[in-house]
Amino acid sequence: MTSQGATRQPKYQRIADALRKSIQAGEYGPGDRLPGENDLMAAYEVARMTARQALGVLQNEGLAEARKGAGVFVRAFRPLRRRGLQRLAQEQWGSGRSIWSTDSEDRELVVDQIDVREEEADDRVCDALGITPGTQVWARSRRFVLDGKPVLFATSYLPSDVVAGSPITQHETGPGGTYARLAELGHGPAHFREEIRSRMPSAEEADRLSLAMGTPVIRIVRTAFTEDGRAVEVNEMTLDSASYVLEYDFDA
């Protein structure tokens, strides 16, 4: 039964499986060029489209990337390990460290495309923050680039009556970031909720994250609550799925 299933497997998938095993075995290391379409056509006696589909599978999985005019290479980027619980601990942002430093460790992280503005909350943000339609909020949008690769962009929304006049309304929020400033304002986060889903990106999202064709994104929406249960921030994050491992570590 297994051999019949293997026989029915499309040729391009069998070629992709063989290449994947070679990558996992170390025959092709990070940055190495994979066999091209002509090589695969000759080795497996298949049509060009089949060879192209096989290489496309590895690109969609985030294992390989195409370089214009050069071929397809094993992806050298090391995925980020996003430690969902540790990164939000008060001892992290409360001591002046950015929560993003938990993810990036000692790698070069650049925040660009920063936009901070006051605007009227739409229905989605009103529902998340428990505020009435038409309420003003401050929105903080930014993109995160790690080792030269865009990996995430995020927009946080915070009630204007909480953050007006504070460093949260500036590009640079200071040590510990937004959560440290909320604590100074008497609205420090005591509880978080994250909702996670995966989907295909919009054209704009694919462009902002420089995604290879067929790469999904991970959408995380985090809401921060004070001790008395007030929602003081909703953060909508879009992640390159090939750049992240989501890790949650908790007791039974």
Side-chain angles (χ1 to χ4, degrees), residues 1-84 100 102-110 143-153 196-201 205-220 237-249:
M1 187 170 182
T2 303
S3 60
Q4 290 177 350
T7 302
R8 287 196 298 267
Q9 189 180 39
K11 288 182 180 179
Y12 77 86
Q13 190 65 63
R14 295 203 299 273
I15 298 171
D17 289 347
L19 290 172
R20 188 187 305 105
K21 288 177 182 177
S22 295
I23 293 171
Q24 293 170 344
E27 295 175 27
Y28 299 104
D32 286 350
R33 185 182 184 278
L34 291 172
E37 292 176 9
N38 291 337
D39 300 320
L40 296 177
M41 289 166 63
Y44 291 93
E45 299 182 348
V46 295
R48 182 174 301 279
M49 182 56 69
T50 301
R52 186 171 298 167
Q53 286 178 302
L55 293 170
V57 168
L58 300 182
Q59 293 175 66
N60 291 342
E61 292 176 355
L63 290 176
E65 59 185 358
R67 299 177 190 171
K68 192 171 182 179
V72 177
F73 295 78
V74 178
R75 195 173 186 186
F77 184 84
R78 176 164 51 98
L80 285 158
R81 188 165 292 274
R82 184 183 188 274
R83 297 176 173 86
W100 306 101
T102 304
D103 303 338
S104 60
E105 298 173 333
D106 59 349
R107 300 161 71 181
E108 182 185 7
L109 177 68
V110 175
R143 187 178 69 161
F144 296 80
V145 181
L146 188 74
D147 296 342
K149 168 73 177 72
V151 295
L152 172 152
F153 63 85
I196 302 172
R197 62 177 294 212
S198 181
R199 58 168 171 76
M200 297 308 296
E205 291 169 337
D207 182 62
R208 289 191 72 182
L209 292 174
S210 301
L211 298 178
M213 185 177 296
T215 303
V217 292
I218 299 170
R219 181 76 165 173
I220 300 178
M237 294 163 274
T238 304
L239 292 66
D240 170 9
S241 64
S243 295
Y244 275 91
V245 174
L246 305 186
E247 177 183 301
Y248 294 89
D249 192 358

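Values reported hereafter were calculated over all heavy atoms of this structure, with side chains retained and with hydrogens, waters and symmetry mates removed.
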Kindly list each side-chain donor-acceptor pair under 3.5 angstrom involving residues 16-26, sequence neighbours excluded, with atom names and distances?
residue: D17; atom: OD1; partner: Q13; partner atom: NE2; Å: 3.3
residue: D17; atom: OD1; partner: R20; partner atom: NH1; Å: 2.7
residue: D17; atom: OD2; partner: Q9; partner atom: NE2; Å: 2.9
residue: R20; atom: NE; partner: E61; partner atom: OE1; Å: 3.0
residue: R20; atom: NH2; partner: E61; partner atom: OE1; Å: 3.4
residue: R20; atom: NH2; partner: E61; partner atom: OE2; Å: 2.8
residue: S22; atom: OG; partner: A18; partner atom: O; Å: 3.1
residue: S22; atom: OG; partner: E27; partner atom: OE1; Å: 3.4

Return the [atom1] to [atom2] distance between [X] and [Y], rounded to the nearest 0.5 Å.
X: D147; Y: E108; atom1: CG; atom2: CD; answer: 7.0 Å
X: L211; Y: Q59; atom1: CG; atom2: CD; answer: 13.0 Å
X: F144; Y: D240; atom1: CZ; atom2: CG; answer: 14.5 Å

Side chain to side chain contact (heavy atoms under 4.5 Å, CB included) assessment of K149 paired with E65:
CA-CA 12 Å; K149 168 73 177 72; E65 59 185 358; over 6 Å; no
Any residue meeting salt bridge (charged side-chain N to carboxylate O under 4.0 Å, His left out) with R197, in chain and number order, not counting sequence neighbours
none
Do you know which two heavy atoms are closest between [X] and [Y], and how far apart they sit?
X: L209; Y: V217; result: CD1-CG1, 4.1 Å
X: V46; Y: A51; result: CG2-N, 4.3 Å
X: T50; Y: Y12; result: O-CB, 3.4 Å

Taking only residues two or more places apart in sequence or in another chain, which ones pass side chain to side chain contact (heavy atoms under 4.5 Å, CB included) with S241?
T215, P216, I218
Show which side-chain atoms of residues 31-42 pair as donor or acceptor with protein atoms under 3.5 Å away, not counting sequence neighbours.
residue: D32; atom: OD2; partner: G29; partner atom: N; Å: 2.7
residue: R33; atom: NE; partner: A70; partner atom: O; Å: 3.1
residue: E37; atom: OE1; partner: R48; partner atom: NH1; Å: 3.1
residue: E37; atom: OE1; partner: R52; partner atom: NH2; Å: 3.2
residue: E37; atom: OE2; partner: R52; partner atom: NE; Å: 2.9
residue: N38; atom: OD1; partner: R48; partner atom: NH1; Å: 3.2
residue: N38; atom: OD1; partner: R48; partner atom: NH2; Å: 2.8
residue: D39; atom: OD2; partner: G36; partner atom: N; Å: 2.9

Evaluate the criterion side chain to side chain contact (heavy atoms under 4.5 Å, CB included) for residue pair L58 and V72; output intermediate values, then yes/no.
CA-CA 9 Å; L58 300 182; V72 177; 6.0 Å; no
From CA spacing to verdict: side chain to side chain contact (heavy atoms under 4.5 Å, CB included), L152, Y244
CA-CA 10 Å; L152 172 152; Y244 275 91; 3.6 Å; yes
